[in-house]
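In this text the structure is predicted, and so the values were computed from the model without any measurement.
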Amino acid sequence: MAGGVLAWFAVGCPVCNKLALLALGYAGAITWFAPLQPVLAAAALILTGVALVWRLRGQIACPVRPATVAVR
């Protein structure tokens with residue numbers, strides 16, 4: 001979930017992002033938030049990758065047996 005939130009912040013323009021605009025103002029959003037967006041995107045990718053690896057950690061590959069066809 002954290003990766004999704006970070007990705008949401010990373011893709012929007014700094015001026016269109018209402019939270020960054022309210023917290024930092026126009027000049028702050030351009031000066032501080034815009035250069036931070038690639039870092040947020042990288043963190044989002046890393047967190048999402050870690051979540052995927054953690055989720056698939058216990059998976060075991062099951063062989064698929066061919067279906068036997070009944071001949072009449």
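In the hydrophobic clustering, Leu56 connects to Leu52, either directly or through intervening members, whenever side-chain heavy atoms lie under 4.5 Å apart. The hydrophobic cluster around Ile46 extends to Val50, counting ILVMFWY residues whose side-chain heavy atoms fall within less than 4.5 Å of a member.
Take Leu36 and apply the side chain to side chain contact (heavy atoms under 4.5 Å, CB included) test, not counting sequence neighbours, and it matches Val39, Leu40.
Pairing each heavy atom of Gly3 with each of Ala44, the nearest pair is O-CB, 3.3 Å.
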